[in-house]
Amino acid sequence: MRDSALGQRWEKRGQDSEAVAAIMLETGAPNIVAQLLAGRGVAAKDAAGFLSPTLREFLPDPSTFKDMDKAAGLILDAIEAGHAITVFADYDVDGGTSAAQLIRWGRALGHEIGLYVPDRVAEGYGPSIDAFEQLKEEGAQLVITVDCGAAAREALERAAAIDLPVIVVDHHMMEGDMPPALALINPNRPDDTSGMGHMAAAGVTFILLVALSREARRRGRTDVPDIRRFLDLTAMGTICDVVPLTGINRAFVRQGLKVLGQRQNLGLVALAEVAGASGEPSTYHAGFLVGPRINAGGRIGRADMGAQMLSSDDPLVVQEAAQMLDQVNKDRKILQADMMTEALSKAANLPSGQAVTIVSMDGWHPGVIGIVAGRLKDRFNRPAIVIGVNDEGIGKGSGRSIKGANLGGAIVAAKQAGLLTSGGGHAMAGGLSMDARNIGALTCFINEHMEAEVTAARKLACLKIDVVLTTNAANEALINAIADVGPFGAGNPQPMFAFENLRIAYAERVRGGHVRCSFEDAAGGRINGIAFRADESGIADILLSPKQPFVHVAGRIKRDEWKGRVKIDLNVVDIAIASQE
């Protein structure tokens, strides 16, 4: 459907009727559930485990991770010797939740582990020589990096030179020779055979807790905590780092959301309350309400605030921090909206046919550029890099890609070509630092490097439709049926439904560039909905057209509860004028 607002094809997700029948027979699941599972490639024999994922079934043996047992022994040695241990964490949710898990585990054994989180603006990502030297001067006897460190060769070499032991716990892709470290746990290191490269750092850290607990019991300790109570943190990091919600990640999130619902972690409870997250915890609550507030501390020079909150049991500290982070997050939204307007204007003036949207501007905040890059990627259906230039002429960039186009690889190639001072990432995202005078050269390099694969990826890109529904079929019973297929996220997308030949019965622009709307079908059935950021996507142009055309609508359905009343809403993802078919 090339005439949609987003200019993309709509394609029915493949569902073999025999596979659907086999899943229904194997699990007793209703037809709609079996259709969703079959469309996601879940075999009948695996369907029960998919619907009810357990740690018992999916948890890998920690010993299959390179250096895992070694690291557990070294950390226990340090704890029992009373050494000063510091967790060095990345400033995002994955880093913060990883740090909080380790700190809470250590505290249960009577050992208070310190925390260091680099300033997002002043220090940038990952360990630095200065940071390690500072920790050494402050008396650290062991540093454990989480969600970072695997690529910090110079910093690790300096740590070795000043006799600062470092254990690395990471999940990012690695290249070249192994950097020096006391132990390096990373399922994506070249010689690791665990097969767990799809895990977030929070998940890798939980596996480390399993190894630590096993080693502690082997040594006869009786103060080992029940690490299942930390699964709310594991789930938060897994969701917010957008790793595939399959296998062990799915088990982490399904079980972690249950723990989150028990409201044990004061920091998570306080953030949920200020965010207005009500009802049963979900991936939406974690990824879009709580997660951004954990990240917000890095935008006010308090990068460690999120991790401190998540590891604190002091109600006053937690409540004060939650209120501050909530306000910062509100300020971030205003800043983001202004940056998005500027970025869209710059993108509109780029030469047509570019493979990658690359925009830059003096003063753009490095804490927001990643969000804006993601929005540009969605708007133009092509990779995007957004670069903010500071007063010293240094450009900090963040990029997001589309499926099938390896942006991280292109950034690494640009670094190897001498266009960047630092840079890296993975297929779907990357970051960079550079001399702003090279932005023009970088733009040419990245576009030339990625043109062929972006062209191929865009030809294959489409909006996958799970089921075509009537408006009457979008009811609470359907919502309840598809809930078992969750949690939804990367690797297990929330079901996408299509509705054909609807009349736009009502449409009104609301604050934030969204459009509230309502649709009717020929039989008089009606469904209400909202198109978020409709101005950015072009959906507003169709919804608010004075011609009120008949349309096909694609979107996700959700339950909306307000003052005890339940209704079904449609989150409009794309729309096409029916008469143009």
Could you tell me if the side chain of Pro127 sits less than 4.5 Å from the side chain of Leu156, heavy atoms only?
no
I would like to know whether Leu463 and Val573 meet side chain to side chain contact (heavy atoms under 4.5 Å, CB included); could you show each step before the answer?
CA-CA 9 Å; Leu463 185 65; Val573 172; 4.2 Å; yes
Hey, are the side chains of Ile85 and Ile79 touching, using non-hydrogen atoms and a 4.5 Å cut-off?
yes
So CG of Leu432 and NZ of Lys415: to nearest 0.5 Å the spacing works out to 11.0 Å
Are any non-hydrogen side-chain atoms of Val359 and Glu342 less than 4.5 angstrom apart?
no
Correct closest heavy-atom pair for Gly126 and Pro118 would be O-CG, 4.2 Å
Within a radius of less than 6.0 Å around CZ of Arg228, do more than 12 heavy atoms belonging to other residues, nucleotides or ligands occur?
no
Ser422 OG to Lys396 NZ distance, which is reported to the nearest 0.5 Å
7.5 Å
Regarding Asp331 and Gln327, do their side chains bring together a donor and an acceptor under 3.5 Å, going by distance alone?
yes
Carboxylate-amine/guanidinium contact Arg189 Asp67, below 4.0 Å
yes
Please report the C-alpha distance between His111 and Ile113 in whole Å, then the side-chain angles of each, then the deciding distance to 0.1 Å, and finally whether the side chain to side chain contact (heavy atoms under 4.5 Å, CB included) criterion is met.
CA-CA 6 Å; His111 193 93; Ile113 296 175; 4.0 Å; yes
Please determine if Arg250 forms a cation-pi arrangement with Phe58, meaning its NZ or CZ atom is less than 6.0 Å from the six-membered ring centre and no more than 45° off the ring axis.
no
Output yes when a side-chain donor or acceptor of Asp241 lies under 3.5 Å from a complementary backbone atom of Ala201, and no otherwise.
no
Nearest heavy-atom neighbours spanning Ala183 and Leu74
CB-CD1, 4.5 Å
Close aromatic pair by centroid cut-off 6.0 Å: Phe206 and Phe252:
yes
Please determine whether the number of non-hydrogen atoms from other residues, nucleotides or ligands lying under 6.0 Å from atom CD of Glu280 exceeds 12.
no
Return the orientation label for the Phe532 and His514 ring planes: parallel under 30°, perpendicular over 60°, tilted otherwise.
perpendicular
Quick one: pull up CG in Asp314 and CG in Leu266 and give me the separation to the nearest 0.5 Å.
8.5 Å
Distance check, rounded to the nearest 0.5 Å: Thr238 atom OG1 versus Leu245 atom CG?
8.0 Å
Are any side-chain N or O atoms of Asp61 and backbone N or O atoms of Thr64, one a donor and one an acceptor, separated by less than 3.5 Å?
no
Do the side chains of Pro187 and Val204 get nearer than 4.5 Å, heavy atoms only?
yes
Got a donor-acceptor contact below 3.5 angstrom from the Glu154 side chain to the Ile129 backbone?
no
For the pair Arg293 (side chain) and Gln323 (backbone), establish whether a donor and an acceptor sit closer than 3.5 Å, ignoring hydrogens and angles.
no
List the atom of Thr283, the atom of Leu257, and the distance in Å for their closest heavy-atom pair.
N-CD1, 4.2 Å
Check this for me, if you would: do Arg556 and Asp466 make a salt bridge, where the nitrogen-to-carboxylate-oxygen distance has to be below 4.0 angstrom?
no
Rounded to the nearest 0.5 Å, what separation is found between the CD atom of Glu273 and the CG atom of Asp326?
11.5 Å
How close do Pro62 and Ala211 get, heavy atom to heavy atom, and via which atoms?
CB-CB, 3.8 Å
Taking atom types as modelled and ignoring hydrogens, do the side chains of Thr54 and Gln255 form a donor-acceptor contact shorter than 3.5 angstrom?
no
Flag for Asp192-Ser194: side-chain donor and acceptor within less than 3.5 Å
yes
Is there a side-chain contact between Leu442 and Met434 in this structure, where contact means two heavy atoms from C-beta onward sitting under 4.5 Å apart?
yes
Tell me whether Arg107 is salt-bridged to Asp313, with the criterion being a basic N under 4.0 Å from an acidic carboxylate O.
yes
From the options Val87, Asn186, Ile144, select the one residue that forms a side chain to side chain contact (heavy atoms under 4.5 Å, CB included) with Val169.
Ile144
Backbone N/O of Ala296 and side chain of Arg302: donor-acceptor pair under 3.5 Å:
no
Look up atom CZ in Arg158 and atom CG in Asp130, then write down how far apart they are to the nearest 0.5 Å.
10.0 Å
So, Glu215 side chain and Ala72 main chain: donor-acceptor pair closer than 3.5 Å or not?
no
Heavy-atom neighbours of Gln262 CD exceed 12 at 6.0 Å
yes
How far apart are the closest heavy atoms of Leu115 and Ala89, and which atoms are they?
CD1-CB, 4.4 Å
Flag, side chain of Thr97 to backbone of Val93, donor-acceptor distance under 3.5 Å
yes
Does any N or O in the side chain of Ser98 come within less than 3.5 Å of the main-chain N or O of Ala202, such that one atom is a donor and the other an acceptor?
yes
Considering the options Val372, Ile385, Leu407, Ile402, which one meets the side chain to side chain contact (heavy atoms under 4.5 Å, CB included) requirement together with Lys377?
Ile402
Option passing side-chain hydrogen bond (donor to acceptor under 3.5 Å, both in side chains) with His171 (candidates Asp147, Asn188, Thr205):
Asp147
Ignoring hydrogens and geometry, is there a side-chain-to-backbone donor-acceptor pair from Lys70 to Leu182 under 3.5 Å?
yes
Should the pair Arg214-Asp69 be classified as a salt bridge under the 4.0 Å nitrogen-to-oxygen rule?
yes
For the pair Tyr284 and Leu289, evaluate side chain to side chain contact (heavy atoms under 4.5 Å, CB included) and give the outcome as yes or no after the intermediate values.
CA-CA 7 Å; Tyr284 172 77; Leu289 297 179; 3.9 Å; yes
Donor-acceptor contact present, side-chain Ser401 to main-chain Pro383, <3.5 Å:
no
Between Lys258 and Asp232, is there a side-chain N and carboxylate O pair less than 4.0 Å apart?
no
Stepwise, does the side chain to side chain contact (heavy atoms under 4.5 Å, CB included) test hold for Ile387 with Trp364?
CA-CA 7 Å; Ile387 303 171; Trp364 275 350; over 6 Å; no
